[in-house]
**Q** 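Below: one structure in structure tokens.
Order of the sequence lines sets the chain letters (A, B, ...), proteins ahead of strands, with each chain counted from 1. Note: hydrogens, waters and symmetry copies are ignored here, and every other heavy atom, side chains too, is used. This structure is a prediction, so every number in the text was calculated from the model and none was measured.
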Amino acid sequence: MFGIIMQRMTVRDALNSALDEEMSADPKVFLMGEEVGEYQGAYKISKGLLDKYGPERVLDTPITEAGFTGIGVGAAYHGLKPVIEFMTFNFSMQIVVDEVISVWDFRWVLLKLSPVALQSWLLMQAIDHIINSAAKSNYMSAGQISVPIVFRGPNGAAAGVGAQHSQCYASWYASCPGLKVLAPYSSEDARGLLKAAIRDPDPVVFLENELLYGETFPVSAEVLDSSFCVPIGKAKIEREGKDVTITAFSKMVGYALKAAEILAKEGISAEVINLRSIRPLDRDTINASVRKTNRLVTVEEGFPQHGVGAEICASVVEESFGYLDAPVERIAGADVPMPYAANLERLAVPQLKLLFGLLFRFLTAKAFIWPFVEDIVRAAKRSCYRSVPMAAAA
Amino acid sequence: MILGRAFEDMCAQMYYRGKMFGFVHLYNGQEAVSTGFIKLLKREDSVVSTYRDHVHALSKGVPARAVMSELFGKTTGCCRGQGGSMHMFSKEHNLIGGFAFIGEGIPVATGAAFSSKYRREVLKEADCDHVTLAFFGDGTCNNGQFFECLNMAALWKLPIVFVVENNLWAIGMSHMRATSDPEIWKKGPAFGMPGVHVDGMDVLKVREVAKEAIGRARRGEGPTLVECETYRFRGHSLADPDELRDPAEKAHYAARDPITALKKYMIENSLASEAELKAIEKKIDEVVEDAVEFADESPLPSRSQLLENVFADPRGFGIGPDGRYRCEDPKFTEGTAHV
């Protein structure tokens, strides 16, 4: 095919156009959140929507995460299709009760409540609605009540915003049955996945990334069409390769692609998989890739323990054990709350060090640093150059 | 108040020069509330604030140098560069935060007040009459945590004063658009505590009300809700374009600038001369300049600081492959140990 003209679109515009088109196509879709209306969106994702659809469909809320999350779920129970925006997914953790001072009042509560309601007390309240009223409802009501709601907002770290604004919640939500968890990278992903999420009859947690909003990606005419949709549960192979598989999602896909370029110059052909969907995880694509390359490096921004990489590793070990030529390498965020000081924050993003000659685990211990391209390159090489099996030859 | 204003203006300058980064929320215009309340406190009394906490820190006694260094992300900052603009803590001055989330500080403050009562009644420290002040904004007053804490503080008669800095705007959301009944002080009596409204642009009026409220708490009579009508002259943060606020409204409050008002009052009542006031301003300018210099010259945190303070007991990092606790391996904190 020749003569395809590719337009360029920022992720912000991709999300905005997706919201616009879905709201236009279905009057049951509405947007609710802090600053989404008159302020045009805290990150300008909902720019222009208030003017177009009016205050009944683009609702500015007071600062009441637990409240409006619950209200959205209730609306979804009755067939409306809310899109709830969190200013950052850190805010979805809004705690309503300070457990330190109320702990002894919980004793009688614990005795009286059923196990489902029990969890509600112990969890933080907006996440409470996402998990307990949204994710579990279809199951608890035996299919009578489905919850076609989308929770979206920036996830993970930006720059210099400190410990309470920087956590990645992908693995928290992905561990919950009943939820679908998506993490777009490019504009195509953003458009297609958001449209799919809004049309989906189940609750979807849509994890965006603040630093990606301004990035531009090429989009084809197909992507710009208003019926465009990306299937949920299907990963995308961004770059084909044959020596090592690198899985990533959201901003880390960009890093993985850069790492793949660097590796290519060294003669290592890396296959980069953009997960797109954290739950359901596309285990099929990942395993097929590992069976081809025999090596795996997982990359994520979040904390290492119980992270997305851990689940991928488990899946590959379970289904493709015989195909692995090297242990799985996990690159994850620093196992510390995000420091404010620029150099500490960056420590995890080490400056360009020419360490390509190093083939051993060295310097920044992999689980304690902020993932950066160099780390992905190093991990991929470790994986490729390890040819002696660890188990003693019998 | 002058220190607060000069400091915040310097923050803006430093931010635009790239010395400060991330989210920075300035307090210009609200100085009367911070000064009016915090200057009445003892060192052992606690203050809990929000992300707009620089001036609360300064009022409580945290040195300007320490706050400025923290904002620059240097190791000499009050939190060693680990907290940043929104997370100011000082055990020495009993400033227990600095919280980024709306409403998050209120339960924490209520807990601090609780601990004061507990120490007096259970641990029998008879002279423990420490008071806690919780500062938060109008937007927070629609959040569940606020109501839960009003209830519990009144129920248990905790020594706390809830200070609402009602500056009418929560980023771009007007208080009138977000609140069913915009008179926040009325929410106090609903929970069994007095609710007071005061002109937050007049430091002397704020101080009068503060004296009463803090006195009440100290005598063990329970909490008070004080709504201070105030205004922030700048945007929500340095990244906020501030397009939604009516210039007429801004002008109205600019005319009620607490610093200008107090100056006028002092001169008219012969409490100070113009020259003396100018001298104060000059001195403050020097303090702020010195703070910037100090912060500039301070070192960045060292690499080994990354893993410090994650746990109070660093054995929380677990046992390493060699069977010993990871924290006992010096290479661990330097980041050179392999995992």
**Q** Heavy-atom pairs under 4.5 Å with chain A - which of Cys79(B), Gly139(B), Ser174(B), Ser115(B) has more of them than the others?
**A**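 The candidate making the most pairs under 4.5 Å is Gly139(B).
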
**Q** What I want to check is whether the side chains of Glu308(B) and Gln82(B) have a donor and an acceptor closer together than 3.5 Å.
**A**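 Side chains of Glu308(B) and Gln82(B): no pair found under 3.5 Å.
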
**Q** So which of Ile106(B), Asp240(B), Val24(B) has the largest heavy-atom pair count under 4.5 angstrom toward chain A?
**A**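 Highest number of pairs under 4.5 Å: Asp240(B).
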
**Q** Is a side-chain donor or acceptor of Asp60(A) paired with a backbone partner of Met173(B) at a separation under 3.5 angstrom?
**A** no

**Q** Do Arg326(B) and Phe317(B) form a cation-pi contact, if we require the NZ or CZ to be under 6.0 Å from the six-membered ring centre and within 45 degrees of the ring's axis?
**A**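 Relative to the ring axis of Phe317(B), which defines the angle, Arg326(B) lies outside at least one limit.
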
**Q** Angle class for the Tyr43(A)/Tyr213(A) ring planes (parallel below 30°, perpendicular above 60°, tilted otherwise)?
**A**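 Judged by the thresholds at 30° and 60°, the geometry between Tyr43(A) and Tyr213(A) is tilted.
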
**Q** In terms of relative ring orientation, are His25(B) and Phe23(B) parallel, tilted or perpendicular, with 30° and 60° separating the classes?
**A**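 The rings of His25(B) and Phe23(B) sit tilted, inter-plane angle from 30° to 60°.
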
**Q** Within residues 44-58 of chain A, which residues come under 4.5 Å of chain B, heavy atom to heavy atom?
**A**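 Contacts with chain B: none.
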
**Q** Under a 4.5 Å heavy-atom cut-off, does chain A meet the side chain of Ile171(B), its backbone, both or neither?
**A**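 Answer is both: backbone and side chain atoms of Ile171(B) are under 4.5 Å from chain A.
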
**Q** Between Ser49(B) and Met88(B), does the side-chain contact (heavy atoms from CB on, under 4.5 Å) criterion hold? Intermediate values first, please.
**A** CA-CA 9 Å; Ser49(B) 177; Met88(B) 296 276 165; over 6 Å; no

**Q** Which atoms of Asn309(B) come close to chain A, meaning under 4.5 Å heavy atom to heavy atom: side chain ones, backbone ones, both, or neither?
**A**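 Interface part for Asn309(B): neither.
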
**Q** For Arg80(B), is it the side chain, the backbone, both, or neither that has a heavy atom closer than 4.5 Å to a heavy atom of chain A?
**A**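 When you check distances to chain A, no heavy atom of Arg80(B) falls under 4.5 Å.
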
**Q** More than 12 foreign heavy atoms under 6.0 Å from CD of Gln305(A): is that the case here?
**A** no

**Q** Please work out which of the three classes, parallel, tilted or perpendicular, describes the rings of Phe147(B) and Phe191(B), given edges at 30° and 60°.
**A** parallel

**Q** Which region of Glu35(A), side chain (C-beta onward) or backbone (N, CA, C, O), has a non-hydrogen atom less than 4.5 Å from a non-hydrogen atom of chain B, or is it both or neither?
**A** side chain

**Q** Evaluate whether atom NZ of Lys157(B) has more than 12 neighbouring non-hydrogen atoms of other residues, nucleotides or ligands under 6.0 angstrom away.
**A**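 At most 12 heavy atoms, drawn from other residues, nucleotides or ligands, come within 6.0 Å of this atom.
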
